[in-house]
Amino acid sequence: MAEPDPDLAAQLQFDVPHAARIWNYWMGGKDNFHADRTAGDAVAEVYPEIVVMARQSRQFLIRAVRSLAAEAGIRQFLDIGTGLPTMQNTHQVAQEAAPESRIVYVDHDPMVLVHARALLADSSTEGVTRYVHADYHDPATILAEAGETLDLQKPVAVMFMGVLGYEPDLAVVRSIVGRVMDAVPSGSHLVLWDGTDTSPSVVAGADRLAQSGGVPYILRSPDQLAECFAGLTLLEPGLVPITLWRPDDPDAEGIDAYGAVARNP
């Protein structure tokens with residue numbers, strides 16, 4: 001685990017369940033502590049599929065980013081709410097397909113900031129990888145700082161990967177997504193997924209997360225998530241369980257997480 005900077009150490013509460021570290025635990029990572037594992041196990045006790053969701057979310061990211069870089073010609077990625085780095089992060093996937101790709105990661109979490117150096121150190125020589133310390137509730141700051149690395153007059157892939165469930169108000173979620181997408185040009189894309197209230201067990205898992213001291217995560221219906229794509233053109237196959245978005249496995253089954261990729265017309 002990365003050694004925290006002295007100025008950040010006081011902000012890192014290792015005895016309190018932490019959203020990014022719990023997710024890291026479910027994904028099989030090592031950047032987590034006892035409190036995170038306890039909360040993660042409590043959720044998995046009532047919703048074992050959470051581990052599948054966590055790991056399949058990374059597979060969705062890989063397929064979406066690879067498709068945009070290799071097929072749609074996107075060379076700029078704005079990953080908002082990136083979380084802790086694991087394997088095959090956005091810049092690694094994009095720069096494998098197009099080494100000149102420029103990636104800006106955004107997160108407000110001090111734990112993520114500690115690990116940001118790992119993201120920045122593994123960029124291709126042709127491309128650029130940068131980290132912005134900002135909250136997704138402040139799109140103006142995100143866009144201003146991202147604009148120092150990205151050319152916001154050219155298409156950008158804007159990514160919200162499983163993070164908007166931490167905002168309880170759907171109207172606020174729509175506003176955040178809309179303000180960012182309004183600021184990027186035609187040909188830009190939105191990549192978004194979130195957990196959905198599509199089974200009783202996933203709802204029980206979300207309740208257990210809150211009871212265990214984790215930050216509450218709001219599950220929404222697929223129809224509610226579809227509102228985030230208003231005015232955009234969905235790429236095939238549309239808004240579907242993330243395992244069914246252009247799957248590598250023809251026998252893939254759906255899960256309680258929906259996502260899509262859509263183009264700014």
Please report the shortest heavy-atom distance between Ala260 and Leu234, naming the atom on each side.
CB-CD2, 3.7 Å
What are the two closest heavy atoms between Gln88 and Val93, and how far apart are they?
O-CG2, 3.7 Å
Distance-only polar pair, side chains of Thr196 and Asp256, donor-acceptor under 3.5 Å:
no
For the residue pair Tyr25 / Asp41, report whether a side-chain donor-acceptor contact shorter than 3.5 Å exists.
yes
His18 and Asp109: side chain donor to acceptor below 3.5 Å
yes
Closest heavy-atom pair, Pro139 versus Val180, reported as atoms and distance to 0.1 Å, is CB-CG2, 4.0 Å
Are the side chain of Tyr217 and the backbone N or O of Gly195 linked by a donor-acceptor pair below 3.5 Å?
yes
Could you tell me the separation between the CZ atom of Phe160 and the OG1 atom of Thr82, rounded to the nearest 0.5 Å?
12.5 Å
From CA spacing to verdict: side-chain contact (heavy atoms from CB on, under 4.5 Å), Val173, Asp169:
CA-CA 6 Å; Val173 168; Asp169 190 332; over 6 Å; no
Go through it in stages, so that I can follow the logic: the residues are Asn264 and Val184, the test is side-chain contact (heavy atoms from CB on, under 4.5 Å), and I'd like the CA-CA distance, side-chain angles, deciding distance and then a yes or no.
CA-CA 8 Å; Asn264 233 357; Val184 294; 3.8 Å; yes
Does the side-chain contact (heavy atoms from CB on, under 4.5 Å) test come out yes or no for Leu190 and Val261, once each step is laid out?
CA-CA 6 Å; Leu190 172 64; Val261 180; over 6 Å; no
Quick one: does Arg102's side chain have a donor or acceptor within less than 3.5 Å of a partner on Thr149's backbone?
yes
Working to the nearest 0.5 angstrom, can you tell me the gap between Gln56 CD and Thr243 OG1?
6.0 Å
Establish whether Val128 and Val158 are linked, either directly or via other cluster members, by ILVMFWY side-chain heavy-atom contacts under 4.5 Å.
no
Donor-acceptor contact present, side-chain Arg208 to main-chain Glu45, <3.5 Å
no
Mind listing the closest non-hydrogen atom pair of Trp245 and Gly238 along with its distance?
CD1-O, 3.7 Å
Minimum side-chain heavy-atom gap Ile103-Gln95 below 4.5 Å
yes
Would you say the side chain of Val106 lies within less than 4.5 Å of the side chain of Leu78, judging by non-hydrogen atoms?
yes
How long is the gap from CG on Leu244 to CG on Leu239, to the nearest 0.5 Å?
11.0 Å
If you define the side chain from C-beta out and look only at heavy atoms, does anything of Met53 sit under 4.5 Å from Tyr47?
yes
Tell me if a side-chain donor or acceptor on Gln76 pairs with a main-chain N or O of Asp151 at a distance below 3.5 Å.
yes
ILVMFWY cluster, Ile218 and Ile176 together (side-chain gap under 4.5 Å)
no
Would a 4.5 Å heavy-atom cut-off, applied to side chains only, mark Val172 and His137 as touching?
yes
Any side-chain heavy-atom pair from Met159 and Ile80 closer than 4.5 angstrom?
no
If only atom types and distance count, is the side chain of His189 paired as donor or acceptor with the main-chain N or O of Gly187 below 3.5 Å?
yes
Arg130 side-chain N/O to Glu145 backbone N/O, donor-acceptor pair under 3.5 Å
yes
Tell me which one of Val215, Val43, Ile50 satisfies side chain to side chain contact (heavy atoms under 4.5 Å, CB included) with Leu209.
Val43
Would you say the side-chain atoms of Ser175 pair up with the backbone N or O of Ala171, donor to acceptor, closer than 3.5 Å?
no
Do side-chain atoms of Arg63 reach the backbone of Asp248 as a donor and acceptor pair under 3.5 angstrom?
no
Is there a donor-acceptor pair closer than 3.5 Å between any side-chain N or O of Thr233 and the backbone N or O of Pro265?
no
Shortest non-hydrogen contact from Pro185 toward Ser188
O-OG, 2.9 Å
Might you work through the side-chain contact (heavy atoms from CB on, under 4.5 Å) test for Val156 and Phe77, ending with a clear yes or no?
CA-CA 6 Å; Val156 179; Phe77 294 82; over 6 Å; no
Report, as yes or no, whether the 6.0 Å neighbourhood of atom CD on Glu96 holds more than 12 heavy atoms from other residues, nucleotides or ligands.
no
With a 4.5 Å cut-off on side-chain heavy atoms, are Asp194 and Tyr258 touching?
no
Would you check, one step at a time, whether the test salt bridge (Lys or Arg N to Asp or Glu O under 4.0 Å) holds for Arg66 with Glu71?
CA-CA 8 Å; Arg66 184 181 293 147; Glu71 300 172 20; over 6 Å; no
In Å, rounded to the nearest 0.5 Å, how long is the span from CG of Leu170 to CD of Glu167?
9.5 Å
Distance, nearest 0.5 Å, that separates CD1 of Ile74 from NZ of Lys154:
12.0 Å
Taking it one step at a time, do Arg246 and Glu236 satisfy salt bridge (Lys or Arg N to Asp or Glu O under 4.0 Å)?
CA-CA 8 Å; Arg246 303 187 181 183; Glu236 291 293 334; over 6 Å; no
Heavy-atom side-chain proximity of Thr198 to Pro222 below 4.5 angstrom:
yes
Answer whether the closest heavy-atom distance between the side chains of Tyr136 and Asp107 falls below 4.5 Å.
no
Quick check for you: to the nearest 0.5 Å, what is the distance between Ser101 atom OG and Leu150 atom CG?
10.5 Å
Return the minimal non-hydrogen interatomic distance between His91 and Thr129, and the atom names on each side.
CB-OG1, 3.6 Å
Could you check whether the rings of Trp26 and Trp23 sit parallel, tilted or perpendicular, using 30° and 60° as the cut-offs?
perpendicular
